[in-house]
Q: 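I have a structure I would like to understand better, so I am pasting it below and will then ask my questions one at a time.
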Amino acid sequence: MPERPSFRRSQSVQPAAEGRRGFFLSMVGVLFGSYWATGLTSLVVTHLLWVLGLARFMFPNVLTEPPTVFKVGFPSELGEGQVQTKFKAQFGVWIVESAYEGQMEIYALKTVCTHLGCTPNWLEAEQKFKCPCHGSGFYKDGVNFEGPAPRPLERYAIRVADDGQLEVDKSQTFQEEMGQWSNPACFVLV
Ligand code: FES
């Protein structure tokens with residue numbers, strides 16, 4: 001006959017639980033049993049938090065920024081005199097097909113006001129860029145004509161890529177007042 005299992009197992013659990021409880025109580029006693037122990041524990045915890053904060057500082061947030069070089073479609077998708085605003089939010093650029101100094105060009109205007117850096121809006125009905133901050137106005141070609149902006153909007157580099165699409169490069173800017181808009185890197189002839 002096999003022996004019946006005894007119920008002594010439940011009796012052996014109790015001492016283990018008591019042992020854990022005793023260990024916990026003794027740790028509380030060690031850490032907070034006196035003013036000196038409490039002070040030392042606070043000091044250690046403070047230093048630990050400081051070290052963790054320092055470690056966090058050493059690993060800054062990773063910023064995911066849009067690429068500086070990107071495609072904006074085929075030149076044929078633009079119409080004469082059109083200002084394409086769909087890349088403004090993501091890339092901070094207007095793609096414009098318009099005349100500048102007698103020749104039709106496609107160019108990429110930077111959506112940053114040259115007064116204090118606000119973002120103007122394209123007003124189709126008035127055919128101008130208007131800054132909401134202090135009222136500067138810019139013609140379709142980016143040249144300033146009203147308000148406090150001291151100079152025209154800037155252009156980014158633009159070219160026709162191998163696949164035939166327009167490609168904007170935001171790492172290069174061109175300023176009209178410096179004579180840089182005559183650089184073929186900042187426009188595509190239509
Ligand atoms: Fe545009 Fe002042 S920032 S007018």
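Computed from a prediction, not measured in an experiment: that's the story for all the values here. All ligand and atom numbering here is 1-based and tracks the order in the structure. The figures that follow rest on heavy atoms only: side chains count, while hydrogens, waters and symmetry mates do not. In what follows, residues are counted from 1 in the order of the sequence shown.
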Q: Please determine whether a side-chain nitrogen of the Lys or Arg among Arg155 and Glu176 lies less than 4.0 Å from a carboxylate oxygen of the Asp or Glu.
A: no
Q: Within the 4.0 Å heavy-atom shell around Cys118, which atoms of ligand 1 are there?
A: 3 (S)
Q: Answer yes or no for His134: is there an N/O/S atom below the 2.8 Å cut-off from atom 2 (Fe) of ligand 1?
A: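 Yes, since at least one N, O or S atom of His134 sits under 2.8 Å from atom 2 (Fe) of ligand 1.
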Q: Suppose we only allow N, O or S atoms; which atom of His115 ends up nearest to atom 2 (Fe) of ligand 1?
A: ND1
Q: Strictly under 2.8 Å, is atom 1 (Fe) of ligand 1 approached by any N, O or S atom of Cys131?
A: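 Cys131 does place an N, O or S atom closer than 2.8 Å to atom 1 (Fe) of ligand 1.
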Q: Check whether any side-chain N or O of Ser98 sits under 3.5 Å from a backbone N or O of Asp141 as a donor-acceptor pair, and report yes or no.
A: no
Q: Is Cys113 close enough to atom 1 (Fe) of ligand 1 that one of its N, O or S atoms comes in under 2.8 Å?
A: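 Yes.
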Q: What is the closest protein heavy atom to atom 4 (S) of ligand 1, and at what distance does it sit?
A: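 Answer for atom 4 (S) of ligand 1: Ser136 OG, 3.1 Å.
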Q: Does Gln103 CD have over 12 foreign heavy atoms under 6.0 Å away?
A: yes
Q: For residues Pro120 and Thr111, report the shortest heavy-atom separation together with the two atoms involved.
A: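 Closest approach of Pro120 to Thr111, heavy atoms only: CD-O, 3.7 Å.
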Q: May I ask you to identify the nearest protein heavy atom to atom 3 (S) of ligand 1, giving residue, atom name and distance to one decimal place in Å?
A: Leu116 N, 3.3 Å
Q: Shortest non-hydrogen contact from Thr119 to Pro132?
A: O-CD, 3.4 Å
Q: Would you call the rings of His115 and His134 parallel, tilted or perpendicular, taking 30° and 60° as the class edges?
A: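 Because their plane-to-plane angle is over 60°, the rings of His115 and His134 count as perpendicular.
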